[in-house]
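Here's the structure we're looking at; comments come further down.
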Amino acid sequence: MQSFRWIWGYLKEYRFRFFLGLALALVVTSLNLVNPLFAGKIIDKVIFGKQQELLWPFIGAMIGATVLKTVIRYTYQIQFERISQNTIFRIRKELYDRLNKLDFQFYDKTKTGDIMARMTGDMEMVRAFSAWSIYMIFENATILLFAVGFMFYIHPQLALVMMLVTPIIGFFAYKMTFAVGPTFSEIRTQFAKLNSVVQENISGNRVVKAFAKEEYEIRKFTAENEGYKEKSLASAKVWEKFLPVLDSLAGLFTVVMILVGGIMVINGSLTIGELATFNGLIWALNNPMRMAGWLINDVQRFNASAKKVEELMKTTPAIANDGKKLNGEALKGYVEFSQVSFSYGDEDVLRDISFKASPGQTVGIIGATGSGKSTLVNLLSRFYDADSGEVKVDSIDVKDWDLYKLRASMAMVMQDIFLFSDTIEGNIAYGNPEATLEEVKAAAKMAEADDFIQSLPEGYDTIVGERGVGLSGGQKQRIALARALLKNPSILILDDTTSAVDMETELKIQETLKAILKQKTCFIIAHRISSVKEADLILVMENGQIIERGTHEELLSKKGYYSKVFRNQHNSFHGQDAEKEVV
Ligand SMILES: Nc1ncnc2c1ncn2[C@@H]1O[C@H](COP(=O)(O)OP(=O)(O)OP(=O)(O)O)[C@@H](O)[C@H]1O
């Protein structure tokens with residue numbers, strides 16, 4: 001019932017056309033009675049009554065009704081198709097908008113395959129229901145009602161006898177509705193699993209090949225594919241058990257009609273013409289009964305899919321955009337963390353983090369892997385909200401900023417670089433689509449990417465594959481850096497951005513960035529000390545806490561974790577002999 005209410009919420013926008021469609025379906029239903037009626041009259045009045053002059057008007061009425069029925073049916077079928085396409089267009093758009101609003105927490109725990117299943121298979125079920133099932137149910141129900149009413153009008157006794165079969169049919173239809181529903185939910189869940197396996201296999205095809213795990217992946221797919229087959233067969237077993245019963249019961253109408261109707265004709269209480277009319281109306285009883293099984297299937301499929309679509313539609317992001325600060329100017333870039341703690345579920349990831357940074361300053365963040373460096377900057381962009389403490393930008397809590405305004409003033413080069421399958425120019429201009437090619441090139445130059453881009457046969461027009469396939473790790477990082485720089489943010493966050501870039505190129509990038517960073521607040525997360533040693537403030541993290549802080553020189557003189565890491569890295573780069581010189 002909930003699913004019907006939900007879909008009606010969309011359909012009601014087209015209620016005029018919707019009810020017009022149903023009204024036309026009602027006309028067609030009435031026209032369906034014309035042929036059996038006149039067939040009976042031809043037998044009684046023209047053949048037995050010898051009123052031959054009535055033959056052509058009757059035949060004309062029958063042909064007229066048939067033509068009219070075809071035209072009207074076509075008209076309302078098109079109406080329902082339009083309504084369903086418009087409805088599904090709206091639902092798809094709303095769902096896509098919702099997906100764009102959902103936050104990291106949602107994507108952390110939801111499989112892409114499941115989302116894709118909702119956007120495709122489930123959506124198609126909802127469309128099919130609103131395009132076809134609704135009017136088919138209405139058409140069949142009204143045909144049945146009209147036919148029964150008409151039969152009672154012609155000969156109530158025979159009609160009553162024939163109706164004795166209907167409660168049995170109703171009972172089986174009712175049983176089928178409840179038996180088949182859960183099986184469609186299971187099929188739907190299995191379909192999402194199958195989708196996930198395929199999606200992961202395609203996205204991770206390089207890893208699969210590198211580890212020669214094709215056979216394993218095929219086995220994994222086969223297991224889910226098998227599961228899908230089993231669930232579909234289990235469902236088919238349920239409805240196939242009911243369909244022949246419904247079918248046979250529907251066939252009983254003919255037997256009852258011929259038997260009882262024949263006796264009535266012999267008794268003289270029914271004319272042969274009336275029996276012919278009953279015979280002509282038999283399909284109007286049979287057909288809806290036969291269709292009942294299929295339509296119940298359709299409704300249950302719709303129900304299972306609609307629930308999934310509606311569930312996604314109602315998922316709310318944990319990061320609410322309640323901030324009201326929308327003043328026109330860009331953020332200046334003052335950043336303050338005070339006693340910030342954060343956990344992903346049960347795991348404490350950040351504890352009591354406090355520091356300040358001003359525009360023009362660079363904050364370097366260094367520490368062992370998993371120490372919470374990326375998480376710290378994720379709180380700044382409000383990918384997640386702190387559990388306690390405050391994260392402020394320009395002295396205002398990030399939760400009080402309009403989310404889009406806040407993020408529009410920041411640019412982030414993430415650890416896991418994602419490039420769209422677009423030209424290099426399109427990728428760099430992603431955050432600033434108005435930028436001219438010259439501006440794109442200037443950003444690429446700052447990121448030391450211009451040279452290699454120019455050397456590609458298509459230059460800036462080179463289309464990079466999905467996720468930037470065809471480029472080296474360092475090239476991807478530099479394009480992502482150019483993309484962030486072109487956005488001209490107040491706060492620039494570079495998360496391990498130059499890890500795949502050689503030291504010489506990194507040095508060149510640092511030199512070029514120096515002037516730009518004077519106007520911004522910059523966060524550089526790195527494992528290489530060379531990436532952060534110029535920073536105004538270096539935060540050293542361990543197990544979610546800042547264990548040391550200061551400039552490069554201050555930290556070296558502390559002879560703690562930082563200076564140990566520096567010595568290790570310096571030695572491995574310059575050889576053991578350099579140690580004395582450094583310390
Ligand atoms: N989305 C997430 N859900 C649950 N736990 C997470 C998530 N992201 C990170 N973690 C956990 O939080 C901790 C800190 O991760 P984070 O990515 O911040 O570390 P990091 O210092 O940036 O590491 P690295 O240097 O390897 O990038 C790790 O233990 C990690 O397993």
Side-chain angles (χ1 to χ4, degrees), residues 99 101-115 196 200 203-204 207 315 317-319 335 337 339-355 357 362-389 391 398 407 410-418 473-474 476-477 480-481 484 491-501 506 522-533 535 537-549 555 560-562 564-566 568-569 572:
L99 284 175
K101 284 202 177 78
L102 287 169
D103 52 29
F104 276 38
Q105 274 188 37
F106 169 80
Y107 288 101
D108 282 350
K109 55 180 196 284
T110 314
K111 290 185 176 178
T112 314
D114 185 34
I115 300 174
S196 294
E200 277 185 20
S203 300
V207 182
T315 310
I319 306 288
V335 172
F337 274 60
Q339 297 177 319
V340 171
S341 296
F342 175 77
S343 62
Y344 293 107
D346 296 338
E347 190 192 353
D348 271 352
V349 177
L350 292 178
R351 271 172 294 156
D352 203 20
I353 302 287
S354 299
F355 71 89
T362 295
V363 179
I365 309 176
I366 207 146
T369 112
S371 55
K373 304 183 292 295
S374 302
T375 306
L376 189 150
V377 290
N378 281 345
L379 299 189
L380 189 56
S381 327
R382 266 199 96 198
F383 291 152
Y384 301 91
D385 276 337
D387 296 338
S388 61
V391 179
V398 283
R407 290 183 186 161
M410 297 183 184
M412 189 170 197
V413 181
M414 300 189 183
Q415 233 171 4
D416 181 17
I417 306 273
F418 186 94
K476 278 193 256 185
Q477 283 185 335
L481 177 60
I491 301 172
L492 179 67
I493 302 166
L494 308 178
D495 190 350
D496 238 355
T497 303
T498 46
S499 60
V501 173
E506 183 188 30
C522 181
F523 289 83
I524 300 179
I525 298 177
H527 286 281
R528 284 205 301 242
I529 298 249
S530 60
S531 311
V532 295
K533 69 193 255 277
L537 171 69
I538 300 169
L539 305 175
V540 183
M541 297 198 56
E542 192 177 70
N543 292 330
Q545 282 179 304
I546 300 175
I547 52 163
E548 289 173 20
R549 66 176 75 208
L555 288 171
Y561 178 91
Y562 182 88
K564 202 169 95 194
V565 173
F566 177 71
N568 286 343
Q569 290 186 2
S572 58

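Position 1 is the first residue of the sequence, and the numbers go up from there. When a ligand or atom number is given, it counts from 1 through the structure's own listing order.
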Got a donor-acceptor contact below 3.5 angstrom from the T497 side chain to the D495 backbone? yes
Distance-only donor-acceptor check, side chains D387 and S343, under 3.5 Å: yes
Could I get the full list of ring-ring contact (aromatic ring centres under 6.0 Å, His included) partners for F106, not counting sequence neighbours? none
Taking all atoms of both residues into account, what is the closest heavy-atom pair of F566 and I529, and its distance? CD1-CG2, 3.5 Å
Sequence neighbours excluded and cut-off under 3.5 Å, please list the side-chain donor-acceptor pairs for residues 539-549, or say none.
| residue | atom | partner | partner atom | Å |
| --- | --- | --- | --- | --- |
| E548 | OE1 | Y562 | N | 3.3 |
| E548 | OE2 | Y561 | N | 2.6 |
| R549 | NH1 | S354 | O | 2.8 |
| R549 | NH2 | S354 | O | 2.9 |

Apply salt bridge (Lys or Arg N to Asp or Glu O under 4.0 Å) to D496 and list each qualifying residue two or more places apart in sequence or on a separate chain. none
Residues around ligand 1, heavy atom under 4.0 Å from any ligand atom, sorted by chain and number. Can you pull those? D108, Y344, E347, V349, A368, T369, G370, S371, G372, K373, S374, T375, Y384, Q415, H527
